[in-house]
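Inspection log for the structure reproduced underneath, given as structure tokens.
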Amino acid sequence: MFITGDLPIVAEKQLKKAGFTVKINRNQKQLTKAELISGAKNADAVISLLSNKIDMEVIDCLSKCRVIANYAVGYNNIDLEYARKKNIIVTNTPDVLTDATADIAMGLILAVTRRFYESEKLVRDKKFVGWQPKLLLGSSLQNKTLGIIGAGRIGYATALRAKAFGMKIIYFSRSRNEDFDEKLNAKKVSLPKLMNAADVISLHLPLNERTKNIVNSKMLDLMKSSSVLINTARGEVLNEIHLIKLLKKKKIFGAGFDVYQNEPEINHELLKLENVYLLPHIGSATIEARNQMAEIAAQNVINVLNGKKPITPV
Ligand code: NAP
């Protein structure tokens, strides 16, 4: 079996205990396609990272593979249909990273609205000369509206946190979500309505052909000048270039990113902007979540290779 990245040790232990031989890429650098193919071509199973693009070309080289266990809840890096055609089962790691990712979304909301970066920088630059009535005023969350785009597990967990901060919730998804409706007293609205009404917009959609660029320039133009956009989903669900234009012209208050359109490359314009928060895709990066993700990925592999159903197929 081939593990494409340096996962928590628990995965390796679990797999070895189950009697499998494990080959691990311990290099911190991302694998090239050739390296990925070379490592995976004779493996019965692959545990992949979201940065491994597993397309038709790669899948065609997997002569023995029966399961690709993605170490993430999102699986937009894998050509799912082609894997199915080749009888390869694909699995992911849902639920165990929901709270960790929602914490990052909520953290970004607070950081942007209360201007953490500018405030921190002022202190480190030794420019703090004492309390002042108008120093770095942000905007409060109480009674403001949070718009959740993609009302699933992480969207709900983020909304729950925001509710505790006194926010009202609206959401956009294809189907109604009873937890949103009943537990959060939230209203389902159209995407344009959400873009226009929300004070804070938080993206929690999976990336696929239907959601790619769903938050396009037309949608972004509907945002209020006081509003904030947070993206912890995937970079390609929004038009990043247009969002940068709005931020530069101060047409919106700020933004927080954990994911980017051309990850790991960051648009250099973003780096220059203040009141924009840039995190290195750390949504699920807690010790607890990553350990549980490793356990699930390993268990999925063990189940499939032993002829059982995987615990979290996609
Ligand atoms: P989830 O429970 O499946 O939620 C996704 C929601 O999006 C669903 O409720 C779905 O509702 C909605 N949706 C899907 N297609 C849609 C469409 N075309 N239009 C409108 N809504 C749509 O997934 P999750 O566990 O919350 O994860 C969401 C995403 O977060 C993942 O796919 C991943 O890309 C991202 N993520 C990022 C990090 C990070 O490190 N930053 C960590 C974990 C996850 P309907 O089917 O009713 O529309």
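Quantities reported herein were computed from a predicted structural model and do not represent experimental measurements. Counting starts at 1 for both ligands and their atoms, following the listed order.
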**Message:** Below 4.0 Å from ligand 1: does a non-hydrogen atom of Tyr75 turn up there or not?
**Reply:** no
**Asked** Is it true that Thr232 lies under 4.0 Å from ligand 1, counting heavy atoms only?
**Response** yes
**Request:** Kindly identify the option in Arg153, Arg174, Glu236 whose heavy atom sits closest to atom 19 (N) of ligand 1.
**Result:** Arg174
**Item:** Nearest-option assignment for atom 32 (O) of ligand 1, heavy atoms, candidates Ala285, Ala100, Ala72, Pro206
**Value:** Pro206
Using a 4.0 Å heavy-atom cut-off, which part of [X] comes near ligand 1: side chain, backbone, both, or neither?
| X | answer |
| --- | --- |
| Ile154 | both |
| His204 | backbone |
| Ser284 | backbone |
| Ser175 | both |
| Leu205 | both |

Does the side chain of [Y] come within less than 4.5 Å of [X]'s, by heavy atoms?
| X | Y | value |
| --- | --- | --- |
| Leu62 | Ile68 | yes |
| Gln30 | Leu49 | no |
| Ile88 | Tyr82 | no |

Acceptor/donor pairs from residues 122-129 side chains to any protein atom, 3.5 angstrom cut, sequence neighbours excluded:
{"unit_1": "Arg124", "atom_1": "NE", "unit_2": "Glu120", "atom_2": "OE1", "d": "2.6"}
{"unit_1": "Arg124", "atom_1": "NE", "unit_2": "Glu120", "atom_2": "OE2", "d": "3.2"}
{"unit_1": "Arg124", "atom_1": "NH2", "unit_2": "Glu120", "atom_2": "OE2", "d": "3.0"}
{"unit_1": "Asp125", "atom_1": "OD2", "unit_2": "Lys121", "atom_2": "NZ", "d": "2.8"}

Which residue holds the protein heavy atom closest to [atom], what is that atom called, and what is the gap in Å?
| atom | answer |
| --- | --- |
| atom 18 (N) of ligand 1 | Thr211 CG2, 3.5 Å |
| atom 31 (C) of ligand 1 | Val73 CG1, 3.9 Å |
| atom 11 (O) of ligand 1 | Ser173 OG, 3.4 Å |
| atom 35 (C) of ligand 1 | Ala233 O, 3.6 Å |

**Request:** Go through the side-chain N and O atoms of Gln299 and Asn303 and say whether any donor and acceptor fall under 3.5 Å apart.
**Result:** yes
**Request:** Would you tell me whether Ser48 and Asn70 have side-chain atoms, one donor and one acceptor, within less than 3.5 Å of each other?
**Result:** yes
**Request:** Establish whether Ile252 and Ile230 are linked, either directly or via other cluster members, by ILVMFWY side-chain heavy-atom contacts under 4.5 Å.
**Result:** no
Side chain or backbone, does [X] bring an N or O within less than 3.5 Å of an N or O on ligand 1?
| X | result |
| --- | --- |
| Gly152 | yes |
| Leu207 | no |
| Gly155 | no |
| Thr101 | no |
| Asp258 | yes |

**Message:** Given Arg234, which partner from the list Asn77, Asn208, Thr211, Asn76 fulfils the side-chain hydrogen bond (donor to acceptor under 3.5 Å, both in side chains) test?
**Reply:** Asn76
